[in-house]
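A short write-up of the structure that comes next.
What you see is a predicted model, and the numbers here were worked out from it, not measured in a lab. Letters A, B, ... mirror the listed sequences (proteins, then strands); counts begin at 1.
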Amino acid sequence: MVEQMSPLGDAYVPGSHGNFADGTGVKISLPQPGSIVEATAWPGREAALAGAIERVTGLSLPHHPGGGVVTGDRSGFGIGPRKWLLTDAAEGLAETLRDALGIENGTVTDLSHGRTAIRLEGERAEWVLAKFFALDFSSDAFPVGSGRATMHHDILAQIQRTGPSRFNLYVFRTFARSFWRVLCHGAEEVGYEVR
Amino acid sequence: MAEYSALSLLKNALSANRDWKPAWRKPEPKPAYDVVIIGGGGHGLSTAWYLAKEHGITNVAVLEKGYLGSGNIGRNTTIIRSNYLLPENTRFYEHSMKLWENLSHELNYNVMFSQRGVLNLAHTPSQLDDFARRGNAMRHEGIDAELIVGAAAVGRLVPGLDVSGSARFPIIGGLLQPRAGTARHDAVAWGYARAADRRGVDMIENCEVTGFLREGDRIVGVSTTRGEIRAGKVAVAVAGSTGRVMKLAGIERLPIESHVLQAFVSEALKPVLHTVVTFGAGHLYASQSDKGGLVFGGDIDGYNSYAQRGNLPVVEEVASEFVAMFPGFSRVRLLRSWGGIMDMSMDGSPIITTGPLPGMYLNCGWCYGGFKATPASGYCFAHTIARDEQHPLSAAFTLDRFQRGILIDEKGQGATPRLH
Amino acid sequence: MLISCPYCGPRDVSEFTYQGDATRTRPDPASADAAAWHEYVYERSNEAGPHREFWQHAGGCRAHVVVIRNTVTHEISSVAPARGDRI
Amino acid sequence: MSPRRTAAGGRIDRARTIRFTFDGKPMTGHLGDTLASALLAGGVTLVGRSFKYHRPRGVFAAGVDEPCALVTVIDGQAREPNVPATQIEIFDGLVVESQNRFPSLGFDLGAVNGLFGGLFSAGFYYKTFMGPVVGPLKGTRFWMLCEWFIRRAAGLGRAGDAKDAARYEKMNAFCDVLVVGSGPAGLMAAKAAAASGKRVMLAEQEPLFGGAARWSGETIDDAPAERWADEAVAELAGLDNVRLLPRTTVWGIYDGNTIAALERVTDHKASRARGEPRHRHWSIRAGKVVLATGALERPLVFPGNDRPGVMLARAAGRYAAEYGVLPGGRIAVFTNNDSAYRAAAALHRAGATIAAIVDVRAQVSAAASKLARETGAEHLTGHAVVDTAGRQRLRQITIRRFDAASGALSGAARRVEADCLAVSGGWSPAIHLASQAGAAARWDERLQAFLPPEPTGGWVGAGSFTGAFTTQEAIAQGLAAGAAAVGATPAASKPPQAGGPDLDVTPAPVFEIRAKGKAFVDLQHDVTAEDVRLAHREGFVSVEHLKRYTTLGMATDQGKTSNVPGLAIMADAAGRTIPQVGTTRFRPPYSAVSLGSLAAERHGELRPERLTPMHDWHIERGARMLAAGLWFRPQIYGQPGETVEQAYAREAAAVRAGVGIVDVSTLGKIAVQGPDAAAFLDRVYTNVFSSLPVNKARYGLMLREDGLAFDDGTTWRLGEHEFLMTTTTANAGKVMQHLEYFLDVVWPDLRVNLTSVTDQWAGAAVAGPKARDVLAACVARTGVDNEMLPFMGIVRGEIDGIPVTICRLSFSGELAYEVYCGAGHGLAMWEALMEAGKPFGIVPYGLEALGTLRIEKGHVTGSEIDGRTTARDLHLGWMLSKKKPFIGSAMMDREGLASPERLQLVGLVSLDNRAIANGAHIVEGKQPPDDPHGSIGHVTANCFSPALGRYVALALVKGGTSRHGTRAHISDPLRGRFGPVEIVSHHMFDPEGSRMHG
């Protein structure tokens, strides 16, 4: 397979940036999962979809809105009614899942190129994210594993909390460079490291 | 009542200003009038004036729920222009412009119409082409319009604008209407009220219409919080309250939605912005008042509302566009914001019509355009009331145009009022 | 203003797109009843008070919701999925 | 140290000297000083000039209510005008300027206006400046001439014009309880709420928490109130569930308890750290808000009440207690209530001589009398100040006997020497935020004040905000409010006990002392009591008319000190009660907010940009980019010395002659999937899609419900249940929402799923007679010959190992293919196509050439589908299926949409070999002004057509088709162009379409 090219171009500058008076507030990175997939069940077929996802990925997705899980190379979380966003470090998830699901149960859309994953982690991750999103990032309101679909101005973002102070953000690829820039800009205050 | 003039000011100053008389009487409502106008805002008051002046109909009452001018006439950003695209609009608004140009004299009241120009900024070549098309449409209707090409030319016209090529939405030109400008909004209401009053029209404040009197199908008057008032003709000019008032007459649905539009003013500054400027990469219009405040506004909030109160996203959007245009204004401070209720129509153009019930006349659907339309709206509405026919200038603004598909859709957005 | 998306929870109004009067009925697609189509496309109840309206959570899950909101106070009394879905 | 400084006490650090400049003059103060306190300490009493009469003004207040002492803060190139000196914390290097004066603050020519006070009465400008009816100054000209001078005299400070180097940020926050105000009530509320473990935020507009506790001179639990407050704050600061926000003004309550607050992060610092914002715009979603915003003191209205040295009593007391500054050496007090006695005591304690305490009341409380005695002041009850004297600063006051019930003055005038007059006219609870939240204020006759109504919904109140003015009440209410806000009952333990004199702030109902001379109600706008009475005389009685006619309360302080006195004077003139005159609804913001903070990071270069996967390649190849919405697309790939026209003509000609390639990644792309996908497309498109075979594409047209054209594009059937819809770039978002609406709301029974895949696919269109050769040279795993890939056919293959989907379709009218691959491979695919195309002379082309090719062919885009045109106007009537209803089918035949007079799409050919500018109109005969209303249409798109060798255009013209073959003129008066054109069919090149089928 030909490797995907990052959409960031010259906006991606590894190293340390911003104000380090109090150490590195956040680390920003580009995890580049091989597969990003949106899966949707028809009404009443949610269980069939959850079953297919579990068979294919081993992810046992909670049914409550916004619920999700992260295991090793894979993750999944609810992004809308009967709709999940799934990722896998490996390529090819969309095809496997589509075969496992069947059109009578729902649809699978490959977004591996269409969405860009950005990882933000560190002590000040909640603070930095709160500059962009009108979401309650406290761990009570936004527990590990769960996800939210939201937006920063014109940029739609799907966000999963993958650790106590770690988040994965999925944004539309063509907005990724722009969003990366504003994210870095907002992180300057707390000091950030790109890697 | 005395004429206003420099001389009368001087005379009264010498008597410690003790001899000034009320600008308009505060009469008790009579039991009956030839015409009752519901709505003591700009359009209702100008309708009363032109009924008296143009048609000699003076046995008229203007009924106002609160105080005169309490609606949109006192809540807008005071911009007057006739820079429209479609001929139905250009002709109407240009007539309004001509009335504006002589309004202070006509009313013997300084409404402070200042023709400082309105400049629409263009940020892309295709936008400039659209402006050229609109400007040419104006010129073909005999209206002044100039195309400003190039950032430098714009920068000379409006110092302080970010005309650098590095702006996110660089300015490449604009469409200027030199005769456009601003006026003192409250003075328009007061001037019309005073002038109509001098011809015998009764302004009845604190008089809320609570129902319509009928004889069969026909509307023959109104019941109000100050008693029943019978009328040969009942005219409705209540802008954002159209839905509410028309429901009292049993009209449950109209091609109108009421939306809240916020407006903003900064603290007073020394002169810094001489023209009215609109941002083309969003929706923002700004000018500076004579007092020095920057007066600006943007989009409607975008949901039905009668609350005269908007929400934060529009405040942020408008401020961001303003600062994008004028980077030096980031430390200028917002002093006050408020909301007006716009009567958004289904094609973005107004309605001036007889009916929809016998004995009734309806004026509504002004969207963002109500203030600048004030003189022509009253002028044409008075004609419709007096003669029971459309004035040629407002002939297209009928209610049945939607059924017939003869739409006047300046923005081409269709039946989505929030987008007009 | 906050709208409690039945799927996502309370979210800022800026995430939503207003889709207007939800009391209108779309005529049978094959119907040629001009009056009914006119009423559906052009006429609005424009209530001052509780107003039934559609919003789309365009900046979130993208679902449409039916909101009952008082247009005089902006108070929201109910939000439900437009599809009548269980979620 | 300045003689005005006390030896000890207050918030300032006497060991730290701070240097700043005021009007270029070096000055000093101490750490903790505000500009106002530092100026007072430096003996500066003249700080500003009033708006209209340019009267000298000094510091009048100590907080956000300051109407007079406004200055401009200079920060490098940036200017912040109209900042109250009371709100500026001084730091080393601070530069401030006074404003609204010329040539200097001390000698201001504008002061001449004061001589014409009678002429410049309220609303005078409405009555004059109308000018002559005829002559060169007719119409609006005379007024505009006068206005030129008026504008220069008006205004306050001057705004900057340089880009602000500072950063502004937005911050979103969520909490269970937001406490606004940190006096004893707010602190108690925060503590009580925090005890529940819920999330609490405490916002205080001043730098230090504590509010009245910082200057009241009282004790709480036997400690100085100030120390008690510090301890309470320290305790709160130690809790994980509490966030403290000093220097943060809560300025707006919006729907759903969305609270707007401004944090001044660095205004008190000499420099900003990297990335540190100057202002932070907080948007806080609070479960409950505790309003503990305190009360604002009102002045009394009397002649000469604006002279520098006259100030609010609380302010005078605060300067002494909090800042260790005496606002005067010999201070008089003038009041209608007890609270000013507290200020007198504080001033006396700090070392000032209290010359007299003048009280309009005949009798005062024992506690007040005791305080008066302790100050050693002459205590003149039943008296009033009737005038003041002094040039640019107070020197003397005049006092007469006064009957509070009748307002009558009697007896001889007495003069008392004083350089400061501390005035109190009672208290107005700061109910602004409650009012914004929709609550109507209610008038309290006893307190002579507007109080907030009973709390409903989002907020609860505590302390003097509610009209409870004692510290003990504030503590009790704070506890109760904090507990109520988290749904708890207050702890049973004994609340803190306040100790201090038992003062009664209930004022005598006296607002104005009527005597000879200008008595100011609104000090900033120079609205006098006589102006209010003039407004009454002229019928401007309702509170809104009063405000709008006199400008009372419209100044930068928003009438914080002037509202109620103004209403009272109007009520008196009109013979009504104050509530009958009414109170205005307060609007956001509570106090002025920087536009920068509201704009935050959203303006300028941080607005999002949308870039295609091949963006960097275009830039490297010298493409000139055009903004299209948020997208950037190549306009031309210019070569040295080429004009835009030469470049696009070259590019377009290369496509017709050989082969070209264009980036089409911006086209909207929607995956339409599900068992009912085909049925759904039949409903949304005017033409039929259910009959489309798999691996074929079809051009589709959508209408809006109202029957007008909405969008067009090709939709590809990739599988039985899977379609890829393309939309125009501009309409991608709108089409998506349109389709989602129908699926969610109208046809929820259809099993169709939509996903935006615009970003998933990079697309390149390869067009021209040699296009097939290029593909054949690089595409593997499929054939691309006519049989494998006929017109509108779809194949899948690989280019350089990259999986691609190819559809043979044409926008240019040439043999053409759209090649799509995963966006992450877009650049690689593009480069491979370029490489493969090299032998065939492949040329990248931009939007201009794309436009040229489509104009020659008469294909429509957004310029023609402009929301006002119908399918038939655009000659797309053939796409309107008669076999099925579709969105828009019911309304598309209305009479207005079928009229022969409608604008119809035509082609134009220039007959004078000059360009036909876009935006030009079309006329039959003459140009304006000779032919009014002569426009019969307009140009929608234009180009030089290399294929036709002519300047051509597309246009919408009245009754277009019937004019084919006729001559008309294009008329472009804006750009001075008028010239002959021939109206032709919009199919100007290869009307049979033989080239693309080849």
Side-chain angles (χ1 to χ4, degrees), chain B residues 4 6 9 13 17 20 22-24 67 101 104-105 109-110 113-115 124 129 132-133 135-136 139-140 142 147 160 168 186-187 267-272 290-292 311-312 315-316 319-320 322-324 327-338 404-406 409 412-415, chain D residues 78 80 82 118-119 121 126-130 133 139-140 144 147 150-151 154-156 158-164 254 534 537-539 542 545 548 556 587-588 592-596 598-599 602-605 607 627 704 706 866-868 894-897 918-919 921 928 932 935 938 973-974:
Chain B
Y4 287 160
L9 262 185
N17 291 313
W20 289 111
W24 59 87
Y67 57 94
E101 286 176 320
S104 293
H105 291 117
Y109 205 91
N110 186 1
F113 179 31
S114 177
Q115 296 179 284
T124 63
D129 286 341
R133 177 183 166 199
N136 280 326
R139 292 281 279 267
H140 280 91
L147 201 66
R168 169 66 180 85
D186 290 323
E267 295 179 342
L269 305 164
K270 287 295 174 197
V272 60
D290 287 339
K291 242 173 69 187
N311 273 293
L312 205 45
V315 184
E316 295 166 350
S320 74
F322 204 7
V323 176
F329 289 177
S330 65
R331 296 192 186 201
V332 170
R333 310 197 305 169
L334 173 70
L335 178 61
R336 194 165 53 245
S337 67
W338 61 93
R404 298 172 61 202
I406 308 173
D409 193 344
Q413 294 290 2
Chain D
E80 186 180 29
N82 307 337
L119 213 51
S121 55
Y126 301 127
K127 298 170 182 160
T128 185
F129 302 132
M130 287 164 270
V133 185
T140 58
M144 288 181 67
E147 189 190 30
I150 291 170
R151 283 171 82 90
L156 292 164
R158 189 161 63 78
D161 50 14
K163 198 176 165 107
D164 191 347
Y254 289 91
L534 174 60
R537 238 171 268 142
E538 298 197 81
S542 94
H545 277 162
R548 289 157 184 266
T556 61
R587 308 279 177 193
V593 177
S594 61
L595 291 180
L598 297 171
R602 199 174 176 190
H603 74 278
E605 60 269 35
R607 276 261 169 146
R704 300 189 306 227
D706 65 1
D866 64 359
R868 283 179 292 265
R894 285 178 291 163
E895 70 171 275
L897 302 183
N918 200 347
H921 281 240
S935 168
H938 62 271
L974 284 185

Quiz item: Yes or no on side-chain contact (heavy atoms from CB on, under 4.5 Å) for D:Val593 and B:Arg333, after CA distance, side-chain angles and deciding distance?
Solution: CA-CA 5 Å; D:Val593 177; B:Arg333 310 197 305 169; 6.0 Å; no
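- Ranked by heavy-atom pairs under 4.5 Å with chain B, the list D:Arg894, D:Arg151, D:Glu538 is led by D:Arg151.
- Inter-residue side-chain proximity for D:Asp164 and B:Pro327 is flagged as unmet; no heavy-atom pair is nearer than 4.5 Å.
- Only the side chain of B:Asp186 comes within contact range of chain D, with heavy atoms under 4.5 Å apart.
- In this structure the side chain of D:Pro973 reaches within 4.5 angstrom of the side chain of B:His140, judged on heavy atoms.
- With chain D as the partner, the residue from B:Ala324, B:Ala319, B:Gly292 showing the most heavy-atom pairs under 4.5 Å is B:Ala319.
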Practice problem: Determine, step by step, whether B:Ser114 and D:Met144 satisfy the side-chain contact (heavy atoms from CB on, under 4.5 Å) criterion, reporting the C-alpha distance in whole Å, the side-chain angles of both residues, the deciding distance to 0.1 Å, and the verdict. | Solution: CA-CA 6 Å; B:Ser114 177; D:Met144 288 181 67; 4.0 Å; yes
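- Taken to the nearest 0.5 Å, the CG atom of B:Asn136 stands 4.0 Å off from the CG atom of D:Leu974.
- B:Phe322 places none of its side-chain heavy atoms less than 4.5 Å from the side chain of D:Leu598.
- With chain B as partner, the option from D:Leu897, D:Asp866, D:Leu534 having the largest number of non-hydrogen pairs under 4.5 angstrom is D:Leu534.
- In plain terms, the two heavy atoms of D:Gly155 and B:Ala268 that are nearest each other are CA-CB, 4.0 Å.
- Of all the heavy atoms in B:Asn311 and D:Tyr254, the pair that sits closest is OD1-CB, 3.3 Å.
- With values rounded to the nearest 0.5 angstrom, D:Leu156 atom CG is found 9.5 Å from B:Lys291 atom NZ.
- Annotation for D:Ala599 and B:Ser320: closest pair CB-CA, 3.3 Å, computed over non-hydrogen atoms.
- Residue contact with chain B, scored on non-hydrogen atoms closer than 4.5 Å, involves the backbone and the side chain of D:Arg537 alike.
- Summarising the geometry of D:Asp706 relative to B:Gly414, their closest heavy-atom pair is OD2-CA, 3.6 Å, with the distance given to 0.1 Å.
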Practice problem: Give the intermediate values and the outcome of side-chain contact (heavy atoms from CB on, under 4.5 Å) for residues B:Val272 and D:Arg158. | Solution: CA-CA 8 Å; B:Val272 60; D:Arg158 189 161 63 78; over 6 Å; no
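- Chosen from D:Gly539, D:Pro928, D:Ala627, the residue pairing most often with chain B at heavy-atom distances under 4.5 Å is D:Pro928.
- Between chain D and the options B:Gly412, B:Gly160, B:Ser330, B:Ala187, heavy-atom pairs under 4.5 Å are most frequent for B:Ser330.
- Residue contact with chain D, scored on non-hydrogen atoms closer than 4.5 Å, involves the backbone of B:Ala415 exclusively.
- Shown here for B:Asn17 and D:Ser121, the closest heavy-atom pair between the two residues is ND2-CB, 3.3 Å.
- For a residue to count as touching a neighbouring chain, one of its non-hydrogen atoms must lie under 4.5 Å from one of that chain's; by this rule D:Ala162 touches chain B with the backbone only.
- Heavy atoms closer than 4.5 Å to chain B are found in the side chain of D:Ser542, but not in its backbone.
- Side chain of B:Lys270 to main chain of D:Ala154: a donor-acceptor pair is present (N/O by atom type, distance under 3.5 Å, no hydrogens or angles).
- Interface residue D:Met130: backbone and side-chain heavy atoms are both found under 4.5 Å from chain B.
- Looking at B:Val332 and D:Asn82, their side chains never come closer than 4.5 Å, going by heavy atoms from C-beta outward.
- In terms of non-hydrogen atom pairs under 4.5 Å with chain B, the most contact-rich of D:Glu147, D:Arg548, D:Glu80 is D:Arg548.
- When all heavy atoms of D:Arg868 and B:Asp409 are compared, the pair lying nearest together is NH1-O, 2.8 Å.
- Contact count versus chain D (heavy atoms, under 4.5 Å) is highest, among B:Ile406, B:Leu147, B:Leu335, for B:Leu335.
- In this structure, B:Tyr109 and D:Tyr126 have parallel ring planes: the angle between them is below the 30° cut-off, well short of the 60° mark.
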